[in-house]
Protein chains: 2
Amino acid sequence: MTPPRADAIRNRARILEAAEQVLVEHGTTVSTEEIAKAAGVGIGTLFRHFPTKEELIRGVFEARLQRLAADATRLATDGDPATALATFLRQAVEQSEVKNALTSMLASAGVDVRDLTGEPQRALREALATLLRKAQQSGAARQDLEVPELIGLLAGTSKALEYAGDAASRSRILAVVLAGLRAG
Amino acid sequence: MTPPRADAIRNRARILEAAEQVLVEHGTTVSTEEIAKAAGVGIGTLFRHFPTKEELIRGVFEARLQRLAADATRLATDGDPATALATFLRQAVEQSEVKNALTSMLASAGVDVRDLTGEPQRALREALATLLRKAQQSGAARQDLEVPELIGLLAGTSKALEYAGDAASRSRILAVVLAGLRAG
DNA sequence: GCAAAATAGAAGTCATCACTCCGCTTGTCA
DNA sequence: TGACAAGCGGAGTGATGACTTCTATTTTGC
């Protein structure tokens, strides 16, 4: 129960950071050794922090969710209710430029993305609920929408953007989704 | 150049069919042996028809694209121009009930989904182009849309639906996308 | 400064999996 | 109906990669 040493904390963070980059770039098939190397860390260390590859992947995923939840919360409190939801979606989807492969990453690791029992998932759901409610109250989002749809659309839009060739195409896809959210 | 034996043709079809089902259900990580078993075929046979796992996966994918292209073409000629595009999207996306994991399947196999050089891809693009043009002419789709966006939205919507818990949620997601396609 | 905690990373274990090889079976065509 | 090539099944092979273990070394906290 004693708090971990400073270098342990540092290494854990470095592993997560490197893992995200490598996994997103090369997919879940990359070896743990590769990830350890990218993090500048021995294999033993990696496995002490994350006893299985799956837990490492889940760690990366949950870190991402936490960042999303933080963004959503910030926008929900600071932003204009009428535009906050759209801004969030835009931000979230642009976040990892090269590849938003995080969900398919998880899926191919055999993790069920819809398993929303964890704490980061709960936090994101809650933040999205607030964002959505405010948008609906100010007429910026269709009334029948609920949080699960929002999450789905988030993942889906991110997927859709992978197919966009240029910036114009990207912005058109985004425009379609945003218009759809509004209509109703 | 002699035509293949009857049993060979039959087996090839059975492999493709079983592979689609197993791959969609369990992801690309399933072993080829599992696929062979599902097809009721020996491993040797599987590998004679598809010399590598990647070629098998690509085969499944292209078969799917061909079916999509056929559907699109049929709707483009037979259907009401104003509703054909929406109908197509609805159909395409509902096709594989459990999981429309085909694209992430390919992606995790290291195949670039956006590589549109193959014949089935070309056929689909062409059919979609017709569908889109007719929809735009009858005011059922925003004018600025182009085919790549449509393909992206197809994949994205399919992804989004994976998150929908129940039928109501599914239909709301679909409604968002369809409204977005129209708006403009 | 020292004990405890943590690390690097080499070497090894074990399971898995894509793919090969080859003896047997079956479709085809005379 | 018989011969024979095309096709088949499935045991076997080699590579890979997740995870363990261990020793010598470094880092941290008090």
Side-chain angles (χ1 to χ4, degrees), chain A residues 1-61 101 105-111, chain B residues 1-62 101 104-111:
Chain A
M1 266 285 129
T2 52
R5 253 168 51 173
D7 55 347
I9 295 177
R10 209 182 321 137
N11 273 332
R12 195 190 151 88
R14 285 172 68 187
I15 292 171
L16 275 178
E17 198 176 337
E20 172 157 7
Q21 189 170 350
V22 173
L23 284 172
V24 160
E25 187 164 356
H26 297 95
T28 35
T29 47
V30 285
S31 62
T32 45
E33 208 166 334
E34 199 94 12
I35 296 174
K37 201 180 297 171
V41 137
I43 317 174
T45 303
L46 189 151
F47 275 99
R48 192 167 327 99
H49 285 286
F50 302 94
T52 66
K53 193 183 183 181
E54 187 185 322
E55 274 182 69
L56 170 59
I57 293 176
R58 170 171 277 126
V60 169
F61 187 65
M105 203 178 84
L106 256 194
S108 66
V111 179
Chain B
M1 267 284 131
T2 52
R5 255 167 50 175
D7 54 346
I9 295 177
R10 208 180 325 139
N11 275 332
R12 195 191 152 88
R14 285 172 69 187
I15 292 171
L16 274 178
E17 197 176 339
E20 172 157 8
Q21 189 171 349
V22 173
L23 284 172
V24 160
E25 187 163 357
H26 296 95
T28 34
T29 47
V30 285
S31 60
T32 46
E33 206 166 339
E34 199 93 13
I35 295 175
K37 200 181 298 172
V41 136
I43 317 174
T45 303
L46 190 150
F47 275 98
R48 191 164 328 92
H49 285 287
F50 301 93
T52 66
K53 191 182 183 183
E54 187 184 320
E55 273 182 70
L56 171 58
I57 294 176
R58 170 173 276 125
V60 170
F61 188 64
E62 297 198 334
S104 42
M105 204 178 83
L106 257 195
S108 67
V111 179

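So that the names make sense, note that chain A is the first sequence line, chain B the second, and so on, each numbered from 1. Because the structure is predicted, anything quoted here is derived from the model rather than measured.
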In whole Å, what is the span from the [atom1] atom of [X] to the [atom2] atom of [N]?
| X | N | atom1 | atom2 | result |
| --- | --- | --- | --- | --- |
| A:D7 | D:dT26 | CG | P | 14 Å |
| A:E55 | D:dC19 | CD | C1' | 13 Å |
| B:I9 | D:dG7 | CD1 | P | 9 Å |
| A:E54 | D:dC19 | CD | C1' | 14 Å |
| A:R5 | D:dG29 | CZ | C1' | 8 Å |
| A:L46 | D:dT21 | CG | P | 17 Å |

Stretch residues 30-43 of chain A: residues that reach within less than 4.0 Å of DNA chain D through a heavy atom
A:V30, A:S31, A:T32
For A:R12, answer base if it contacts any base atom (sugar-phosphate contacts may also be present), sugar-phosphate if it contacts only those atoms, and nothing otherwise; contact means non-hydrogen atoms under 4.0 Å.
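Answer is nothing: A:R12 stays at 4.0 Å or more from every strand.
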Across the strands shown, which category fits B:T52 at heavy-atom distances under 4.0 angstrom: base, sugar-phosphate, nothing?
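Touches sugar-phosphate only.
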When rounded to the nearest 0.5 angstrom, what is the spacing between [atom1] in [X] and [atom2] in [Y]?
| X | Y | atom1 | atom2 | result |
| --- | --- | --- | --- | --- |
| A:E34 | A:I43 | CD | CD1 | 11.0 Å |
| A:L56 | A:I35 | CG | CD1 | 5.0 Å |
| A:R48 | A:I15 | CZ | CD1 | 9.0 Å |
| B:E62 | B:E55 | CD | CD | 10.0 Å |

Tell me which nucleotide among D:dT28, D:dC19, D:dG7 gets nearest to the side chain of B:P4.
D:dG7
Whether over 12 other heavy atoms sit under 6.0 Å from B:Q21 CD
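Counting other residues, nucleotides and ligands, CD of B:Q21 stays at 12 neighbours or fewer.
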Has A:E17 got more than 12 heavy atoms of other residues, nucleotides or ligands less than 6.0 Å from its CD?
no
Ranking B:F47 and B:A6 by the position along DNA chain C of their nearest nucleotide, the one closer to 5' is B:F47
Residue whose nearest DNA chain C nucleotide is more 5′ - B:R48 or B:K53
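Looking at DNA chain C, the more 5' nearest nucleotide goes with B:K53.
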Given the rule in the side-chain contact (heavy atoms from CB on, under 4.5 Å) test, do B:T45 and B:H49 qualify, once you have shown the distances and angles that lead to the verdict?
CA-CA 6 Å; B:T45 303; B:H49 285 287; 3.8 Å; yes
Quick one: is [N] close enough that its OP1 or OP2 comes under 4.0 Å of any side-chain N or O from [X]?
| X | N | result |
| --- | --- | --- |
| B:T45 | D:dG7 | no |
| B:N11 | D:dG7 | no |
| B:H49 | D:dC8 | yes |

Given B:K37 and B:E33, is the salt bridge (charged side-chain N to carboxylate O under 4.0 Å, His left out) satisfied, shown in steps?
CA-CA 6 Å; B:K37 200 181 298 172; B:E33 206 166 339; 5.8 Å; no
Could you tell me from which nucleotide to which nucleotide of DNA chain C, 5' to 3', there is an atom under 4.0 Å from chain A heavy atoms?
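Boundary nucleotides touching chain A, in 5' to 3' order, are C:dA4 to C:dG9.
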Using a 4.5 Å cut-off on heavy atoms from C-beta on, say whether the side chain of A:N11 contacts that of A:R14.
yes
